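Each chain gets a letter, A, B and so on, in the order the sequences are listed, and its residues count up from 1. Computed from a predicted structure; not experimentally measured.
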There are 2 protein chains.
Amino acid sequence: MKSAPAHQRCAVEAALDAIGGKWKGLILYHLTRSGTLRFNELKRLLPGVTQRMLTKQLRELEAEALVLRTVYAEVPPRVEYRLSAEGLELRPVIEALREWGVRRENSRGAGTAHAHAC
Amino acid sequence: MKSAPAHQRCAVEAALDAIGGKWKGLILYHLTRSGTLRFNELKRLLPGVTQRMLTKQLRELEAEALVLRTVYAEVPPRVEYRLSAEGLELRPVIEALREWGVRRENSRGAGTAHAHAC
DNA sequence: CAGGATCCCGCGAGATACTG
DNA sequence: CAGTATCTCGCGGGATCCTG
């Protein structure tokens, strides 16, 4: 737990603290789409992320109880990540954000073609 | 021609790029609530932000066409910030985020009293 | 009041090597 | 495969001073 700055935090501030990390938004987005993802699957979906950063972001999301981590005692090891109940409640937020992004994308390059990789 | 990163950016990625800065979420939130805010008003609403950072974040939001900046030729100078039409369309996102934050806040400290400063 | 210009430091984050 | 452990560097961002 982090030391509170003794400042009256509003809900939006707290929310942004929980999901505002560099890769957290995208991680949550991909988990809402895929349901369950292994470490390397997630890594492939996040172009440019390093293992170190991905691990760190996942650990923080886990600490916020937004993401669940399941380790299977196998060889080779398998670790799966999925949203917790609390994390699933972020879906409306993510969906609204996605819709905004799509509308924005369309109203910009009004003529050009659009391919969606994700 | 630029060397293409050859990576297909999705709408969510682009959206997070636009509003993912350190203070941008909170700035947008306060602008949705207040409609119009002067520089120092905004600064007071963001505890811990420095002028430098606030200026930088506002400039970036302006460059993304999410925030409009109006300068009044007065003495002392007055500068007002408000959301553009495109920025206003973020309201559903921000509102969904706020609701999530409030629900989360309540389900955590289930017994304790809650005062809302903002 | 609303910034711009400078200086400067810490740590965020990349690269690499190693491991259960 | 899914991570830790180190070392390292750059720049994000704070502090301070100046100005229209």
Chemist: Donor-acceptor pair, distance only, cut-off 3.5 Å: does the side chain of A/Ser34 make one with the backbone of A/Leu37?
Modeler: no
Chemist: Can you tell me which nucleotide in D/dG20, D/dA2, C/dG3 comes closest to the side chain of A/Val79?
Modeler: D/dA2
Chemist: Starting at atom CD of A/Glu74, determine the distance to atom P of D/dG3, rounded to an integer number of angstrom.
Modeler: 14 Å
Chemist: Might you point out which heavy atoms bring B/Tyr81 and B/Arg59 nearest each other, and give the distance in Å?
Modeler: OH-NH1, 3.5 Å
Chemist: Would you compute the distance between atom CZ of B/Arg69 and atom CD of B/Glu80 and round it to the nearest 0.5 angstrom?
Modeler: 12.0 Å
Chemist: Between A/Arg52 and A/Glu41, which is nearer to the 5' end of DNA chain D once each is assigned its nearest nucleotide?
Modeler: A/Glu41
Chemist: Is the phosphate of D/dG3, meaning OP1 or OP2, less than 4.0 Å from a side-chain N or O of A/Thr55?
Modeler: no
Chemist: For A/Leu54 and C/dA15, what is the distance between atoms CG and P respectively, to the nearest whole Å?
Modeler: 15 Å
Chemist: Roughly how many Å is it from CD in B/Glu60 to C1' in D/dG13, rounded to a whole number?
Modeler: 12 Å
Chemist: Tell me: NZ of B/Lys22 to P of C/dC11, nearest whole Å?
Modeler: 12 Å
Chemist: Kindly say if B/Arg44 contacts the phosphate of C/dC1, meaning a side-chain N or O under 4.0 Å from OP1 or OP2.
Modeler: no
Chemist: Write down the distance between CD (B/Gln51) and C1' (D/dA15), rounded to a whole number of angstrom.
Modeler: 9 Å
Chemist: Under the 3.5 angstrom rule, does the side chain of B/Ser84 hit a backbone N or O of B/Ala65 as a donor-acceptor pair?
Modeler: yes
Chemist: How close or far is atom P of D/dA15 from atom NZ of B/Lys56, stated in whole angstroms?
Modeler: 16 Å
Chemist: Closer than 3.5 angstrom, by distance alone: can the side chain of A/Trp100 be matched with the main-chain N or O of B/Gly87 as a donor-acceptor pair?
Modeler: no
Chemist: Roughly, in whole Å, what's the span from CD in B/Glu80 to P in C/dC1?
Modeler: 14 Å
Chemist: Is B/Thr50 close enough to D/dG14 that one of its side-chain N or O atoms is under 4.0 Å from OP1 or OP2 there?
Modeler: yes
Chemist: Rounded to whole Å, how long is the line connecting atom CZ of A/Arg38 with atom P of D/dG3?
Modeler: 10 Å
Chemist: Which is true for B/Tyr72 with a 4.0 Å heavy-atom rule: it touches a base, it touches only sugar-phosphate, or it touches nothing?
Modeler: nothing
